[in-house]
Undergrad: 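Quick one: the structure is below, and I'll ask about it shortly.
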Amino acid sequence: MPSDAIDGHTPRRTFAIISHPDAGKTTLTEKLLLYGGAIHLAGAVRASKARRHATSDWMELEKQRGISITSSVMQFPYAGTRFNLLDTPGHQDFSEDTYRTLTAADCAVMLIDVAKGVETQTRKLFQVCRLRNTPIATFMNKLDRPGRDPFELMTEVEQLLGIRCVPVTWPIGMGPDFKGVYDRDTRSVLLFQRNTDHGESMSQARTIAADDPALEEILGDSLYKAFRDETELVDGAGEPFSAERFEKGEITPVFWGSAMTNFGVEPFLEKFHRFAPPPGPRASSKGLVTPADKQFSAFVFKVQANMDKAHRDRVAFMRVCSGKFTSGMWVRHARLGKEIRLSRPQQFFAQERSAVDEAWPGDVLGVFDPGMFRIGDTLLTGEAFHFDAVPRFSPEHFARLRVKDPSRRKQFLAGLSQLSEEGTVQVFASPGQEQVPILGVVGQLQFEVLVHRLNDEYGVEVILEPLPYQHARWVRGEGANIEALEGKGYGACVQDQDKNLVVLFKSDWSMGVAERDFPKLSFSATALWDHA
Ligand code: G4P
């Protein structure tokens, strides 16, 4: 058992998987739950995903929201450790929540399809992890299918993402020739056996020492030679794994496997549980808050609307950062300066919710929210402080909203304000033009949700006019004002909800021009949530 157990509770490891859609995140999640003994047959997670993708009409969206809520965090035990796997929604569900969830994780597993390499969403999510130097382990997936050369894949990771790769295992063959993976640590080869049940149950892999003469026979001449040459190269040229450099986010340990066939999942977990970092300290107005602090503290990283019409409340997800939470406990809401009782705290596992009796640093609690929580809120006992703000991320889609019936404007603004508090949409406006705001979202689907909810919950019909911007950049530095930047053709010069200066750019090119024209200003892709 890792040695960081505080007050005798099971140590926590809180992580998220970052990947591009279809790389196998659902499959790997399921296999981790399977090996952790949290489910007995793979299939449960996949079934809910199938429903998610059935159609994107509103009724389905509602169901989809329900599922997103229930799968916000999944727990599984492994080797005396409790893993909390935070769900990072992808596909149509991709949104700012996906980015923000990463701020609540202590490390990430980057999942890459060996046939595709580093794809766009992986790149974006990787950059978000970089903001906090979150340690990242890499799992190269789908070895049972033909893929790209392993050296080429690692070079791509290093060049595109700027992180050194340290292979922990090494693949032997791929696709029809896939024979297994070599564990560099134990100098043994885990032999691949195709499962007959599509990986629903755990596989019993056979291991053989790399210097066992039988290996040559098993692999055949050409694969054996390739294996020898490649591992020699890796051993000679590669650097050894260093936990310290991993924790600083400087290197990524690389694992190879096939989640679908369960191959390589257990060796991955076996190593991951040893080096995944324990819950870390968090910056706050009183300095670093460490998990060993007795004072209970947590911050809200996600607010999710309840789409069930019978229950209009929301669920706020908070990550425990220090101390111990017990059910029914009174806590202080730092922003409101109010004592509150966290009602019906729950933890969510796959499709089931269960009441929480106690929670420790690294755990995530979902509490029903009558409308009092905002992203970034701090909950605590004892002396008041607040955690440093959770970032806002640059939206990637923009649109203007017009209200069909001007007499509903008040309801419209109230609705927008609430929806922006939930963090699904960001509101920008040119000074004096607040009546016709520009909305920004990270995932296109959020616009559909927005239009529907304004109508459904606030009785406001709106017309959405897409705008051609691609990036929002928060502009800071001496001389950063609208007058200086306007009229130069960069894009729209606007303000965010907190009146910060933002330029909405149509392209990378125009952004580059602005950066060159104003070398002393910073154009940042993130901003912080205001605590006021
Ligand atoms: P995602 O959550 O990252 O979007 O990916 P997901 O797990 O849904 O996997 C996407 C597709 O890739 C699925 O196929 C899945 O079975 C397949 N897959 C995942 N891991 C592996 C692997 O290790 N090897 C191979 N060969 N395939 C893998 P699908 O056809 O879209 O769905 P299904 O019919 O298998 O359910």
Side-chain angles (χ1 to χ4, degrees), residues 15-35 39 41-56 64 67-68 70-74 85-95 97-98 101-102 108-126 137-148 150 153 169 171-181 190 192-203 205 254-269 350-351 443 445:
F15 74 106
I17 300 177
I18 59 173
S19 62
H20 192 80
D22 289 333
K25 182 167 67 96
T26 314
T27 311
L28 181 66
T29 300
E30 204 158 65
K31 300 309 161 77
L32 293 172
L33 297 178
L34 180 71
Y35 278 91
I39 55 174
L41 275 185
V45 183
R46 173 147 302 281
S48 76
K49 175 173 164 174
R51 276 202 299 281
R52 270 203 232 192
H53 287 272
T55 146
S56 72
Q64 180 184 322
I67 289 159
S68 297
T70 54
S71 58
S72 277
V73 59
M74 288 173 249
L85 169 52
L86 305 182
D87 187 26
T88 41
H91 290 270
Q92 301 109 307
D93 246 359
F94 188 61
S95 67
D97 268 349
T98 313
T101 295
L102 294 176
V109 174
M110 175 164 70
L111 185 67
I112 291 177
D113 179 334
V114 288
K116 306 243 175 88
V118 177
E119 299 176 84
T120 42
Q121 248 173 59
T122 315
R123 228 161 137 166
K124 290 178 187 169
L125 294 163
F126 181 90
T138 301
F139 190 95
M140 299 282 194
N141 191 29
K142 305 199 186 181
L143 280 184
D144 57 297
R145 280 216 202 134
R148 287 164 50 188
L153 283 164
T169 59
I172 306 176
M174 249 187 229
D177 295 332
F178 179 46
K179 288 286 189 288
V181 291
L190 204 66
F192 176 61
Q193 283 161 333
R194 281 183 201 271
N195 239 335
T196 50
D197 68 350
H198 302 285
E200 282 191 358
S201 52
M202 290 192 242
S203 58
V254 180
F255 295 83
W256 303 79
S258 156
M260 190 183 75
T261 59
N262 300 346
F263 189 81
V265 176
E266 169 111 87
F268 166 73
L269 252 184
Q351 276 110 319
L445 186 76

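Reckoned from all heavy atoms, side chains included, excluding hydrogens, waters and symmetry mates. Both counts, for ligands and for their atoms, begin at 1 and track the order of listing. Keep in mind it's a predicted model, so treat the numbers as computed, not measured.
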Undergrad: Is there a nitrogen or oxygen of Leu28 sitting under 3.5 Å from a nitrogen or oxygen of ligand 1?
TA: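 Among all N and O atoms of Leu28, none is under 3.5 Å from an N or O of ligand 1.
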
Undergrad: Where on Thr27 is there a heavy atom closer than 4.0 Å to ligand 1, on the side chain, on the backbone, on both, or on neither?
TA: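 Looking at Thr27 and ligand 1, atoms from backbone and side chain both fall under 4.0 Å.
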
Undergrad: Under a 4.5 Å cut-off applied to non-hydrogen side-chain atoms, are Phe178 and Val114 in contact?
TA: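 Of all side-chain heavy-atom pairs linking Val114 with Phe178, none is under 4.5 Å.
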
Undergrad: Any N or O of Ser19 that comes nearer than 3.5 Å to an N or O of ligand 1?
TA: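 So ligand 1 has no N or O lying under 3.5 Å from an N or O of Ser19.
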
Undergrad: Taking 4.0 angstrom as the limit and counting only heavy atoms of Arg145, give me the atoms of ligand 1 inside it, by number and element.
TA: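 Listed by number with element: 26 (N), 27 (N).
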
Undergrad: Any idea which atoms of ligand 1 are less than 4.0 Å away from a heavy-atom of Asp22?
TA: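 Answer, ordered by atom number: 1 (P), 3 (O), 4 (O), 5 (O), 10 (C), 12 (O).
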
Undergrad: Within the structure, does Gly24 bring an N/O atom to less than 3.5 angstrom of an N/O atom in ligand 1?
TA: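 The answer is yes, given that Gly24 and ligand 1 share an N or O pair closer than 3.5 Å.
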
Undergrad: Return the minimal non-hydrogen interatomic distance between His20 and Glu119, and the atom names on each side.
TA: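 Closest approach of His20 to Glu119: CD2-OE1, 3.2 Å.
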
Undergrad: With a 4.5 Å limit on heavy-atom distance, are the side chains of Leu34 and Asn262 in contact?
TA: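 Yes; the side chains approach each other to less than 4.5 Å.
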
Undergrad: Which option wins on minimum heavy-atom distance to atom 26 (N) of ligand 1: Asp144, Val265, Val114?
TA: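 That would be Asp144.
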
Undergrad: At under 4.0 Å between heavy atoms, which part of Thr261 makes contact with ligand 1: side chain, backbone, both or neither?
TA: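 The answer is neither.
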
Undergrad: Report the part of Ser258 in contact with ligand 1, treating N, CA, C, O as backbone and CB onward as side chain, heavy atoms under 4.0 Å; options are side chain, backbone, both, neither.
TA: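 The part of Ser258 near ligand 1 is both the backbone and the side chain.
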
Undergrad: Pair Asp22, Asp113 - check side chain to side chain contact (heavy atoms under 4.5 Å, CB included), show working.
TA: CA-CA 8 Å; Asp22 289 333; Asp113 179 334; over 6 Å; no

Undergrad: Ring-plane angle category for Phe268 and Phe139, please: parallel below 30°, perpendicular beyond 60°, tilted otherwise.
TA: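 Rings of Phe268 and Phe139: perpendicular, over 60°.
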
Undergrad: Would you give the length of the straight line joining atom CD1 of Ile18 to atom CG of Leu102, rounded to the nearest 0.5 angstrom?
TA: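 It is 6.5 Å, given to the nearest 0.5 Å.
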
Undergrad: Identify, by atom number and element, the atoms of ligand 1 in contact range of Lys25, meaning under 4.0 Å from any of its heavy atoms.
TA: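 By the 4.0 Å cutoff, the relevant atoms are 1 (P), 2 (O), 3 (O), 5 (O), 7 (O).
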
Undergrad: Going by the atom numbers of ligand 1, which of them fall below 4.0 Å from some non-hydrogen atom of Thr26?
TA: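 Contacts of ligand 1 toward Thr26, numbered from 1: 1 (P), 2 (O), 7 (O), 8 (O).
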
Undergrad: If you take all heavy atoms of Gln121 and Pro21, which pair is closest and at what distance?
TA: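 Result for this residue pair: OE1-CD, 3.4 Å.
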
Undergrad: Which atom pair, heavy atoms only, marks the closest approach of Leu143 to Pro171?
TA: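 Taking Leu143 first and Pro171 second, the nearest heavy atoms are CD1-CB, 3.8 Å.
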
Undergrad: For ligand 1, which atoms have a heavy atom of Pro21 less than 4.0 angstrom away?
TA: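 Answer, ordered by atom number: 4 (O).
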
